[in-house]
Amino acid sequence: MIVMKFGGTLMGSADAIQHSASLVTSSVKAGTQVVVVPSAMSGVTDSLLKIASSAENGEIAFAADEIASIKTRHITTARALGAASDSSAVAKLEGMFSSLEQTVNGIYLLRELSKRSRDLIVSFGERLSAPLMTVALESLGVTAHDLTGGQAGILTNNAFGNARPLPATYERIPQRLNGLFEQGITPVVTGFIGETDKGAITTLGRGGSDYTATIIGAALNADEVWTWKDVDGVMTSDPRIVSDAQNLEFLSYAEIMEMAYFGAKVLHPLAVTPLQKNNIPLRVKSAADPSFPGTLVTANATPLKNVVKAVTAVRNACIIDIGGAGMVGAADVTAQIFNILANLEVGAVMISQSSSMANISLVVQQNDGKRTLEALQRQFADSEQVRTIEFWEKISVVAIVGDGMRGARGVAAKLFSAVANEGISIDMISQGSSELNISFAIDDEFTVQAVKAIHAAFHLDKLEP
Ligand code: ADP
Ligand code: ASP
Ligand code: MG
């Protein structure tokens, strides 16, 4: 059994969906059971987020126009895939649009948008695209049935916007899907979404369809999980930034997690976690060139001669620096800082502490910056220990990742001289004890220049087996 996930671009038009469906049917017809996990059509998730916030702000005309244009796009696509205007697929889409309109209208009337209602609105992206995949599969002679993540058994906690699967998920999924397999039906499960025990729809965080696929893969003990992409596979850097980025044929779970965490948008950072227990391989494959091997992710990567395998960047971040001579040796200050982050549900991209403990620097995402700063200022307003809290915006975190860095000499020297040669100054440095990565913060305007220089310095345009 293989779980196959298709991202927004591969669901972006009737032609793209037809092609994605053909990648599924060739496996199904060769006798492999497949679970299909589609993302929303490209751009639709962003559009739904805009609809939600404009309704909250009273801009209902904008929201209505935007819904109308998404509606036209989906109905036209369904028709182009062969669904008749009186088909159950078109009726299903129309029903979903009335429900979206009602929800958006409720937000407009109340001028109130909670994380819970935002998740409900954004879930329409995948709930609308899944029936399109079903139509395409059926037109190619494969019997398919679409379900939401919740219907397929994905039960999550209440962390709307960034929900996590609960253990019962792994029992529910086989209970819900095995019956379909027995009838020769291919399940199509919406990416990105799950539901709470009360049936409220949750989302797994941006890019969460990758995570849906691996959760299902783990629950069904699949042979492999394949995420089909519009790139060759996982590459040495973002191909939109570095034109000579190379495909990485093998990566370990740990390496891809570090890459995703440090900004490689190609996979959700937690996507491989469900696969680790049973060592289920993940393949990142090129939809444009299905015979190309892509990237195989397993517990142990095949080592390359290149000790560094990838350069990544997290854009749009800021640094908060908390300092004061009185902080030396004061473990309670550290505890208070982390408590604040936890209470605000803010994850720090990078943390560094001077060995004297006279200051602690944090990098957080731009949209968490101000509220984290304000909470820290409140906490330490009358502190004897903390004297200064400084804040820098427009920061990026650049990281190098690779298993082979462990114990290798001269990696940091080469990295920092490559950056220094570009005349770029470094604001903060951190190295995880796993020695799988070195990350550092710079002014955002130098990100592309730094990434390109590092890619060249480590000869990532020529991978050596
Ligand atoms: P999907 O919609 O299939 O989930 P995404 O757009 O989320 O696809 O991820 C694929 C994109 O990630 C690629 O188009 C590419 O521009 C970007 N990307 C960033 N870093 C990398 C990398 N190291 N390797 C491959 N792609 C990357
Ligand atoms: N549609 C969602 C997003 O844009 C999930 C995904 O594409 O993986 O984030
Ligand atoms: Mg993605």
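For ligands, and for the atoms within them, numbers begin at 1 and follow the listed sequence.
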Which residue owns the protein heavy atom closest to [atom], what's the atom, and how far is it?
atom                    : result
atom 4 (O) of ligand 2  : Arg206 NH2, 2.9 Å
atom 25 (C) of ligand 1 : Gly233 O, 3.4 Å
atom 21 (C) of ligand 1 : Asp238 CA, 3.8 Å
atom 4 (O) of ligand 1  : Lys5 NZ, 2.7 Å
atom 6 (C) of ligand 2  : Ser209 OG, 3.4 Å
atom 7 (O) of ligand 2  : Ser39 OG, 3.4 Å
atom 8 (O) of ligand 1  : Lys229 NZ, 3.6 Å

With distance as the sole test, does [X] use its side chain to make a donor-acceptor pair with the main-chain N or O of [Y] at under 3.5 Å?
X      : Y      : answer
Arg116 : Gly161 : no
Glu126 : Ser123 : no
Thr236 : Gln246 : yes
Thr32  : Val28  : no
Arg371 : Leu344 : yes
Thr203 : Asp119 : no
Thr190 : Arg127 : no

Compute the shortest N/O to N/O distance between Lys265 and ligand 1 and return yes if it is under 3.5 Å, no if not.
yes
Looking only at distances, please establish whether an N/O atom of ligand 1 is found under 3.5 Å from an N/O atom of Thr236.
no
Should you measure from each heavy atom of Gly207, which atoms of ligand 2 turn up under 4.0 Å away?
3 (C), 5 (C), 6 (C), 8 (O), 9 (O)
For Glu126, counting its heavy atoms only, list the atoms of ligand 2 lying under 4.0 Å from any of them.
1 (N), 2 (C), 5 (C)
Between side-chain atoms of residues 207-216 and protein atoms elsewhere (two or more places apart, or another chain), which donor-acceptor pairs fall under 3.5 Å?
{"unit_1": "Ser209", "atom_1": "OG", "unit_2": "Ser39", "atom_2": "OG", "d": "3.1"}
{"unit_1": "Asp210", "atom_1": "OD1", "unit_2": "Lys5", "atom_2": "NZ", "d": "2.8"}
{"unit_1": "Asp210", "atom_1": "OD1", "unit_2": "Lys229", "atom_2": "NZ", "d": "3.4"}
{"unit_1": "Asp210", "atom_1": "OD2", "unit_2": "His268", "atom_2": "N", "d": "3.0"}
{"unit_1": "Thr212", "atom_1": "OG1", "unit_2": "Phe192", "atom_2": "N", "d": "2.7"}
{"unit_1": "Thr212", "atom_1": "OG1", "unit_2": "Gly208", "atom_2": "O", "d": "3.3"}
{"unit_1": "Thr214", "atom_1": "OG1", "unit_2": "Tyr211", "atom_2": "O", "d": "2.9"}
{"unit_1": "Thr214", "atom_1": "OG1", "unit_2": "Ala271", "atom_2": "O", "d": "2.6"}

Do Glu255 and Lys309 sit within salt-bridge range, that is, some charged N less than 4.0 Å from a carboxylate O?
yes
With [atom] as the reference point, say which of [options] has the nearest heavy atom.
atom                    : options                        : value
atom 27 (C) of ligand 1 : Ile256, Leu267, Thr295, Val266 : Val266
atom 3 (O) of ligand 1  : Gly7, Gly208, Ser237           : Gly7
atom 24 (N) of ligand 1 : Met235, Gln246, Met259         : Met235

Determine, step by step, whether Val225 and Ile2 satisfy the side chain to side chain contact (heavy atoms under 4.5 Å, CB included) criterion, reporting the C-alpha distance in whole Å, the side-chain angles of both residues, the deciding distance to 0.1 Å, and the verdict.
CA-CA 6 Å; Val225 175; Ile2 301 179; over 6 Å; no
Classify the contact between Asp230 and ligand 1 as side chain, backbone, both or neither, using a heavy-atom distance cut-off of under 4.0 Å.
side chain
Proximal atoms of ligand 1 relative to Arg240 (non-hydrogen, under 4.0 Å):
16 (O), 17 (C)
Would you please test Ser396 and Thr447 for side chain to side chain donor-acceptor pair (under 3.5 Å) and show each step?
CA-CA 7 Å; Ser396 75; Thr447 312; 2.9 Å; yes
Heavy-atom contact check, 4.0 Å cutoff: does Gly8 meet ligand 1?
yes
Would you say Ala310 contacts ligand 1, with heavy atoms under 4.0 Å as the rule?
no
Measuring from non-hydrogen atoms of Gly125 to any atom of ligand 2, is the shortest distance under 4.0 Å?
no
Donor on one side chain, acceptor on other, Asp289 and Ser291, under 3.5 Å
yes
